Amino acid sequence: MSALLEIAGVGKRFGGFVALDGIAIDVPAGERLGLIGPNGSGKSTLVNCVGGTLRNEQGTIRFDGRTLQGLSAHQRTRLGLARSFQLPRPFASLTVADNLRIPIEYTVNARKGLLAADPRSIPEQCREVLRTVGLEAKADRLPRDLTQIEMRKLELARAMATQPRLLIADEPMAGLSHGEVDEILALLMRLNEQGMTVILIEHIMRAVMHFSQRLVVLVAGRKIADGRPDEVVRNPEVERAYLGE
C-alpha cells in the first residue's frame with residue numbers, strides 16, 4: 001500500500017543556500033510522525049513545500065497518490081492536507097466561531113460540492129470542532145480574549161475545521177506550561193485515534209517522544225535519521241546535532 005504522503009528527493013534553494021537536500025519521507029495513513037531538528041534545519045521549509053506556500057525545485061511530493069506539483073495551498077487543503085502555524089494567525093476581527101466558518105465554507109463545502117455538502121448547519125459544525133478542542137464556551141469571543149493555550153487550540157481548530165486526512169502541527173506547544181503541553185498532546189492523540197494522520201514538529205522532546213511512533217530528524221537541510229524514537233535519539237549523529245561534539 002502506498003503512503004498517504006510521499007516526499008521523494010525534495011530539494012529547495014534560496015539563492016546559493018541549500019535549504020533542503022534530497023529529502024525523502026513516506027508517511028502512511030494513520031501514523032503519528034515526529035519531525036525534529038535544530039533551528040535552521042529545514043523543517044519549516046519542508047512543511048511550506050508540502051503545504052504549497054513554497055515550491056520545491058527538485059523532487060516530487062504526492063498526497064494520496066496524486067502529485068501536488070502546481071497546486072496552490074488552498075487546493076492542497078481541499079485535498080485533505082492541513083497545517084497549523086508556529087504563530088497563531090486568527091482573523092482578529094472575527095469571533096472564535098467565525099474563524100472556523102471560513103475554512104468550513106471555503107474548504108469542506110467547496111470540496112464536497114453544494115449538493116454533497118455536510119447536511120449540518122455551519123454553526124453546528126463550528127460548535128463540534130470547538131467542543132473537541134475545549135473552546136465551545138468561547139465561541140462568541142474575539143481571539144484577543146483568549147489565553148495563550150486557547151490561542152494554540154484555536155489555531156489547531158482552524159486546521160481541524162477543514163476535515164483533513166493529514167494534519168501538520170507546527171510547534172503547537174511552544175511557550176506552554178507542562179500541564180498545557182499535556183492538554184495539546186491529549187488532543188493530538190484523540191485526533192489520531194479518530195483516523196487523522198498527524199505530523200508533529202516540536203522542540204519539546206518529552207512531547208515528541210510521547211507522541212511519535214516514528215521520528216525523522218533534519219539537520220542542515222538533510223535527513224540524518226528516520227526510525228523508532230528510542231533508536232533515533234541514540235543515533236550518534238543525532239546526539240552530535242543536539243549536544244555538539
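Owing to the predicted nature of the structure, the values given are computational and were not obtained by experimental measurement. No hydrogens, no waters, no symmetry mates; every other heavy atom, side chains included, goes into these values.
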* Asked: What residue pairs, at least two apart or across chains, pass side chain to side chain donor-acceptor pair (under 3.5 Å) with a residue in residues 192-201?
  -> R32-N192
* Asked: Applying the 4.5 Å side-chain criterion to the ILVMFWY set and letting contacts propagate, would F85 and L154 be lumped into a single cluster?
  -> no
* Asked: Which pair of non-hydrogen atoms, one from I61 and one from C49, has the smallest distance, and what is that distance?
  -> CD1-O, 3.7 Å
* Yes or no on side-chain contact (heavy atoms from CB on, under 4.5 Å) for R83 and N48, after CA distance, side-chain angles and deciding distance? -> CA-CA 9 Å; R83 65 167 297 185; N48 288 333; 2.5 Å; yes
* Asked: Can you list the steps and then say if L188 with M173 is a side-chain contact (heavy atoms from CB on, under 4.5 Å)?
  -> CA-CA 11 Å; L188 293 175; M173 307 167 202; 4.0 Å; yes
* Asked: When rounded to the nearest 0.5 angstrom, what is the spacing between CD1 in I104 and CG in N99?
  -> 11.0 Å
* For the atom pair CG (L135) and SG (C126), what is the distance rounded to the nearest 0.5 Å? -> 12.0 Å
* Structure fact -> Rounded to the nearest 0.5 angstrom, the CG-NE2 distance for L185 and H210 is 5.5 Å
* Non-hydrogen side-chain atoms of L176 and Q148 separated by less than 4.5 Å -> yes
* Where do L187 and T132 land on the side-chain contact (heavy atoms from CB on, under 4.5 Å) test, with the steps shown first? -> CA-CA 8 Å; L187 172 59; T132 300; 4.1 Å; yes
* Asked: How many angstroms lie between CG in L166 and CG in L33, if you round to the nearest 0.5 Å?
  -> 9.5 Å
* Report yes or no: do M209 and V238 belong to one cluster of Ile/Leu/Val/Met/Phe/Trp/Tyr joined by side chain heavy-atom distances under 4.5 Å? => yes
* Asked: Between D226 and R214, is any pair of side-chain heavy atoms under 4.5 Å apart?
  -> yes
* **Within one Ile-Leu-Val-Met-Phe-Trp-Tyr cluster: F91 and L142, side-chain cutoff 4.5 Å** => no
* Asked: Linking I/L/V/M/F/W/Y whenever their side-chain heavy atoms sit closer than 4.5 Å, directly or via other members, would L54 and V50 fall into one cluster?
  -> no
* **Contacts of P88 that satisfy side chain to side chain contact (heavy atoms under 4.5 Å, CB included) - sequence neighbours left out** => P90, M151, R152, E155
* Asked: So, for V232 and L215, which heavy atoms are closest and what is the spacing to 0.1 Å?
  -> CG2-O, 3.8 Å
* To do: Using side chain to side chain contact (heavy atoms under 4.5 Å, CB included) as the criterion, list what pairs up with E128, not counting sequence neighbours.
  => R120, R131
* Asked: If every non-hydrogen atom of A241 is compared with every non-hydrogen atom of P38, which pair is closest and at what distance?
  -> O-CG, 3.8 Å
* To do: Output the distance between atom CD1 (I122) and atom CD1 (I102), rounded to the nearest 0.5 Å.
  => 10.5 Å
* Asked: Which residues satisfy the side chain to side chain contact (heavy atoms under 4.5 Å, CB included) test with D230, sequence neighbours excluded?
  -> R228, R234
* Asked: Closest approach of S84 and L167, non-hydrogen atoms and distance?
  -> N-CD1, 4.4 Å
* Take E237 and R222 through the salt bridge (charged side-chain N to carboxylate O under 4.0 Å, His left out) test and state the conclusion after the steps. => CA-CA 12 Å; E237 195 171 359; R222 296 185 303 109; 3.5 Å; yes
* Asked: Which residue pairs pass the salt bridge (charged side-chain N to carboxylate O under 4.0 Å, His left out) test with at least one member in residues 173-184, sequence neighbours excluded?
  -> K153-E183, D182-R206
In a table with atom names and distances, give each donor-acceptor pair under 3.5 Å that connects a side chain of residues 11-25 to protein atoms at least two apart or in another chain.
from: K12; atom 1: NZ; to: R55; atom 2: O; distance (Å): 2.9
from: K12; atom 1: NZ; to: E57; atom 2: OE2; distance (Å): 3.1

* To do: Decide whether D140 and T95 meet the rule of one side-chain donor and one side-chain acceptor closer than 3.5 Å.
  => no
* Between CZ on residue R158 and CZ on residue R101, distance to nearest 0.5 Å -> 15.0 Å
* Find out whether L4 and E31 are in side-chain contact, i.e. whether some heavy atom of one side chain is under 4.5 Å from a heavy atom of the other. => no
* **Donor-acceptor pair, side chain of R141 and main chain of L146, under 3.5 angstrom** => no
* Indicate yes or no: at least one non-hydrogen side-chain atom of L156 is less than 4.5 angstrom from one of L191. => no
* Asked: Does any N or O in the side chain of K43 come within less than 3.5 Å of the main-chain N or O of G37, such that one atom is a donor and the other an acceptor?
  -> yes
* Return the minimal non-hydrogen interatomic distance between A82 and A159, and the atom names on each side. => CB-O, 3.8 Å
* To do: With L35 as reference, evaluate I168, D170, I201, V27 under the side chain to side chain contact (heavy atoms under 4.5 Å, CB included) test and give the passing residue.
  => I201
* Are N235 and I224 side-chain neighbours, meaning at least one heavy-atom pair lies under 4.5 Å? -> no
* **Step-by-step side-chain contact (heavy atoms from CB on, under 4.5 Å) determination, D145 to K138** => CA-CA 9 Å; D145 299 324; K138 301 292 181 75; over 6 Å; no
* **Taking every non-hydrogen atom, the tightest pair across A161 and P103** => CB-CG, 3.8 Å
